[in-house]
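What follows is a single structure, written as structure tokens, with notes after it.
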Number of protein chains: 2
Amino acid sequence: MNVRTLCLGVLSFGEATGYEIKKEIEEGPISHFIEASFGSIYPALTQLLGEGLLTVRAEEQTGRPDKKVYAITEAGRQALARALSVVPARDKYKSEFLFQMLFQQYLAPSVVLASIDKQLADLRADLAHIATCRLGELPQGSCFAADYGQAVLTAAVAFLEEKRAEVLARPHIAAAE
Amino acid sequence: MNVRTLCLGVLSFGEATGYEIKKEIEEGPISHFIEASFGSIYPALTQLLGEGLLTVRAEEQTGRPDKKVYAITEAGRQALARALSVVPARDKYKSEFLFQMLFQQYLAPSVVLASIDKQLADLRADLAHIATCRLGELPQGSCFAADYGQAVLTAAVAFLEEKRAEVLARPHIAAAE
DNA sequence: TGATGCATGTAATCCGTTACATGATTCA
DNA sequence: TGAATCATGTAACGGATTACATGCATCA
């Protein structure tokens, strides 16, 4: 799955500018399993347009670049359907946190604790973000993704809270902050 | 975190060849949150060696290239410690599966079901893999990572099993296989 | 006054994967 | 016989990020 398909997907829910697509990706309920930067979105949009999978409409604005509102075409929908019919690649999960924890025993307990706390904060922020998204009505698919995220993140939080207590309970903690 | 640090980390547990490092990464308990290919490992090792962070010892073999057994040096341990002291980047999670599920309502129920089943199979395979790793004794850090993975994967499986039943319970399923 | 949001785009750069090259041994 | 395992390495390619360039409006 690439940025092209991603743009097609977002646009299938309604027209939008590149800027709005980026916003949707990082602020919508899909932010926890998808990423994309302007540097990839804008070229993808131009490309898609050239292939007739999108149309544009320029909205004049004063004091800033004209908005380019993109909309998906019938050919675009077909391309999306085709991309969606491909068996999805396996999920990818990368965690520097867990990598760091691999060396727990060589790290100062205060460092371990700080890292766990940071991870907990990140997880809780994601959870809060999903909760915020839920304030509005979510379409079925987004709801599924939100629920999935919530289930997984909640489990991670519960696990870490337990581990945190264990680290705290270990002797030699006195140390620095 | 890059492949360099990863190699340093694996080597901190004992000497190994590039081939063995790769194996450790894809077969060890860390496989679910780390990835690296030969194309990145071998050059990293050469580079690290040039910087004095590793040493090599060649083991002669007949019928195949000599083994190059790498060991971490004191400078290497320091470099690792330095890399480990940097606040880890946020976890990254990418899911084509969830992306596909976003369009659930436009997909045939049989496709949705097939995808959920594939995802379930992947998750269960990861879980089984962790269980296998646990057959041996795991060092503290690896155990932490394995536990974390297990907690999260288990939650995902439970969630999907529930959703799967819901999809199945929906009317109009009769359709194709 | 200075950060943040709106709005688009390009270019340099990075980091890594995939494919290729080589080749013996062992297992099914 | 053909696939998998062991073992190292290079080169091409890709896909995306980061930084840069521009600039007004708004809010604190």
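Small disclaimer: the values here were computed from a predicted structure and weren't measured. Residue numbering restarts at 1 for every chain, and letters A, B, ... go by the order of the sequence lines. What you see below is based on every heavy atom in this structure, not just the backbone, and it leaves out hydrogens, waters and symmetry mates.
- Atom C1' of nucleotide C:dC6 and atom NZ of A:Lys67 are separated by 9 Å, given to the nearest angstrom.
- When the nearest nucleotides of DNA chain D are assigned to B:Glu20 and A:Asn2 by heavy-atom distance, the more 5′-ward of the two goes with B:Glu20.
- A straight line from CG of B:Leu45 to P of D:dT8 spans 9 Å, rounded to a whole angstrom.
- Contact between the side-chain N/O atoms of B:Lys23 and the OP1/OP2 oxygens of D:dC6 is found at a separation under 4.0 Å.
- Summarising the geometry, the separation between CE on A:Met1 and P on D:dA16 is reported as 8 Å, rounded to the nearest angstrom.
- With respect to the salt-bridge test (charged N to carboxylate O, under 4.0 angstrom), the residues A:Arg57 and A:Glu59 qualify.
- Using bins of under 30°, 30° to 60° and over 60° for the plane-to-plane angle, the ring pair B:Tyr93/A:Tyr93 lands in the perpendicular bin.
- Contact annotation: B:Ser40 side-chain N/O to C:dT17 OP1/OP2 distance is under 4.0 Å.
- Overall bending of the helix from C:dT1-D:dA28 to C:dA28-D:dT1, expressed as the angle between end axes built from five pairs apiece, is 50° (10° steps).
- In this structure, the CG atom of B:Asp66 is 15 Å from the P atom of C:dG23, given to the nearest Å.
- Between B:Leu6 atom CG and C:dT17 atom C1' there is a gap of 15 Å when expressed in whole angstrom units.
- For the residue pair A:Leu127 and A:Val157, the shortest heavy atom distance occurs at CD2-CG2, 4.1 Å.
- The phosphate of C:dG9 (OP1 or OP2) has a side-chain N or O of A:Lys68 nearer than 4.0 angstrom.
- Each of B:Tyr42 and A:Ser37 was matched to the nucleotide of DNA chain D holding its nearest heavy atom; the match closer to the 5' end belongs to B:Tyr42.
- A salt bridge does not link A:Glu20 with A:Lys23: every distance from a Lys NZ or Arg NE/NH1/NH2 to an Asp or Glu carboxylate oxygen is 4.0 Å or more.
- Judged by a 6.0 Å distance limit and a 45° cone about the ring axis, A:Lys118 is not positioned over the six-membered ring of A:Phe97.
- For the OP1/OP2 pair of C:dT8 and a distance below 4.0 Å, the side-chain nitrogens and oxygens of A:Thr17 include at least one atom meeting the criterion.
- B:Tyr19 does not carry B:Lys67 over the face of its six-membered ring by the limits of under 6.0 Å from the centre and within 45° of the normal.
- Distance NZ (B:Lys94) to C1' (C:dG16): 12 Å, rounded to an integer number of Å.
- Look at A:Tyr19 and you'll find a side-chain N or O under 4.0 angstrom from OP1 or OP2 of C:dC6.
- Backbone-only engagement by A:Gly18 is indicated by non-hydrogen atom pairs under 4.0 Å involving sugar-phosphate atoms exclusively.
- Side chains of A:Val112 and A:Ile116 form a contact here, defined as non-hydrogen atoms less than 4.5 Å apart.
- As a whole-Å value, the separation of B:Phe38 CZ from C:dA21 P is 18 Å.
- Between the CD atom of B:Glu26 and the P atom of C:dT17 there is a distance of 11 Å, rounded to whole Å.
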